[in-house]
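Everything below concerns the one structure shown next.
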Amino acid sequence: MTGAPASAAGGPSGARRAAAGPASGKAPGAAMGRGAARSAEGGASGAGGSGAAAGDGSQSAVVDAQDDGKPARGGKLAAAAVNQASVWNVANLLTMLRLILVPAFVALMLADGGYDPVWRSLAWAAFAIAMITDLFDGHLARTYNLVTDFGKIADPIADKAIMGAALICLSVLGDLPWWVTGVILGRELGITLLRFVVIRYGVIPASRGGKLKTLTQGVAVGMYVLALTGWLATLRFWVMAAAVVLTVVTGLDYVKQAIVLRRQGIAERKAALEEKEA
């Protein structure tokens with residue numbers, strides 16, 4: 001009589017224990033407890049399996065939706081917002097400010113015939129802001145990973161535009177000889193084109209001499225924009241002379257670097273081609 005309940009509660013295990021009879025020496029209640037535990041474990045396993053199946057089904061549904069090529073709701077708008085944020089960053093805003101300051105500087109510089117000290121002071125303020133922002137936008141872009149294609153193109157344009165506008169205005173007003181303007185602008189445009197020519201072989205890094213040249217040019221042109229007299233007028237002449245010398249020297253140095261870089265690039269390509277043929 002004791003084996004029948006154990007068989008019913010424990011399945012095949014209970015049946016074997018019932019056949020063994022009293023020789024097993026185990027209580028029917030213990031057998032029933034173990035059978036119930038096994039049933040509970042089986043139920044938990046079944047529930048876990050069904051949960052996993054449900055999870056796999058939901059994941060596969062998401063994958064299928066992605067495989068269908070249908071973007072998530074609002075995905076395009078989110079991507080556009082990211083792209084817009086990457087362009088409208090602090091570094092690019094400073095570059096845009098310099099571009100806007102170029103026509104403002106020209107208008108202030110030539111206002112009232114171009115010789116009014118007040119207008120010249122305002123023009124100097126615009127030029128100074130443009131030169132100061134030039135010192136920060138590139139540093140911010142590199143430090144905080146704000147480098148964009150727009151910045152790569154607009155930054156050198158803004159640099160050349162403000163400096164070129166100042167030099168041309170000074171020469172038009174007769175404050176600066178045209179040959180000085182020609183030397184500085186010719187060097188800047190020539191080096192820019194040279195960079196594009198040799199870019200296939202590598203990049204010519206900015207040198208300390210080039211940075212010193214830029215600083216000296218900015219100080220000299222700024223002093224010429226102001227209506228200075230006396231010893232300050234004499235001082236600005238020598239500062240501009242130093243700027244012209246640095247412009248020529250650093251320009252020749254860039255040409256030398258470009259020639260060396262081109263030769264190295266051609267030699268490396270030739271060696272790679274010979275190695276490939278071998």
Side-chain angles (χ1 to χ4, degrees), residues 91 94-95 98-99 101-102 105 124 126-143 147 151-172 175-226 228 232-268:
L94 291 176
T95 301
R98 292 212 312 281
L99 290 172
L101 285 175
V102 172
F105 167 81
W124 176 86
F127 180 80
I129 293 173
M131 297 304 295
I132 291 173
T133 56
D134 182 33
L135 299 176
F136 290 103
D137 59 354
H139 175 72
L140 289 173
R142 291 186 296 269
T143 302
V147 179
K152 293 178 182 178
I153 298 174
D155 182 69
I157 293 176
D159 296 342
K160 305 300 184 293
I162 189 66
M163 183 60 69
L167 291 170
I168 292 174
C169 286
L170 290 172
S171 294
V172 168
D175 294 339
L176 190 68
W178 276 104
W179 70 266
V180 174
T181 298
V183 168
I184 295 177
L185 292 184
R187 183 268 188 197
E188 299 299 332
L189 296 177
I191 295 302
T192 300
L193 293 176
L194 187 61
R195 287 177 181 272
F196 283 108
V197 171
V198 299
I199 195 172
R200 69 180 70 178
Y201 305 110
V203 178
I204 303 176
S207 63
R208 293 183 179 179
K211 295 178 180 179
L212 180 60
K213 177 268 306 178
T214 302
L215 177 62
T216 308
Q217 282 183 359
V219 173
V221 173
M223 294 180 71
Y224 268 86
V225 170
L226 288 172
L228 300 178
L232 289 176
T234 304
L235 177 62
R236 71 181 182 182
F237 170 82
W238 291 108
V239 175
M240 181 60 75
V244 171
V245 172
L246 288 172
T247 298
V248 175
V249 172
T250 56
L252 295 175
D253 181 63
Y254 273 114
V255 172
K256 178 182 177 181
Q257 291 186 51
I259 294 174
V260 172
L261 185 63
R262 182 177 179 274
R263 289 177 178 175
Q264 291 178 350
I266 293 176
E268 290 175 359

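All residue numbers in this chain count up from 1 along the given sequence.
- Between G251 and I191, the closest heavy-atom pair is O-CD1, 3.7 Å.
- Taken from CG in D159 to CG in L99, the straight-line distance is 9.0 Å, to the nearest 0.5 Å.
- Taking the side chain as every heavy atom from C-beta outward, T181 and L170 never approach each other to under 4.5 Å.
- At a threshold of 4.5 Å between non-hydrogen side-chain atoms, the residues I259 and R263 count as touching.
- Note that OG1 of T95 is 12.0 Å distant from CD1 of I153, once rounded to the nearest 0.5 Å.
- Heavy atoms only, all atoms of each residue included: A258 and L194 are closest at CB-CD2, 3.6 Å.
- Note: L226 CG to F127 CZ = 10.5 Å, rounded to the nearest 0.5 Å.
- Atoms CG and CD1, from D134 and I129 in turn, are 13.5 Å apart once rounded to the nearest 0.5 Å.
- Within a 6.0 Å sphere centred on CZ of R195, other residues, nucleotides and ligands contribute more than 12 heavy atoms.
- Here the closest non-hydrogen pair linking L228 and R236 is N-NH1, 3.9 Å.
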Kindly determine whether R187 and T250 satisfy side-chain contact (heavy atoms from CB on, under 4.5 Å), including the steps that lead there. CA-CA 9 Å; R187 183 268 188 197; T250 56; 3.0 Å; yes

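- With hydrogens and angles disregarded, a donor-acceptor distance shorter than 3.5 Å links the side chain of T133 to the backbone of A130.
- Distance check, rounded to the nearest 0.5 Å: CE of M240 to CG of L176 gives 5.0 Å.
- Proximity of I168 to L185: side-chain heavy atoms (C-beta onward) are separated by under 4.5 Å at one or more points.
- No side-chain heavy atom of Y224 sits less than 4.5 Å from a side-chain heavy atom of W124.
- Closest of all the heavy-atom pairs between I184 and Q217 is CG2-NE2, 3.5 Å.
- Under the 4.5 Å side-chain criterion, counting only non-hydrogen atoms from C-beta, Y201 is not in contact with E268.
- Closest heavy-atom contact between P177 and S171: O-OG, 3.7 Å.
- To the nearest 0.5 Å, the span separating NZ on K211 from CG on L246 amounts to 15.0 Å.
- Proximity of a side-chain donor or acceptor of R98 to a complementary backbone N or O of D155 within less than 3.5 Å is detected.
- The closest side-chain heavy-atom distance from T214 to M163 is not below 4.5 Å.
- Nearest heavy atoms, W179 versus V244: CZ3-CG1, 4.3 Å.
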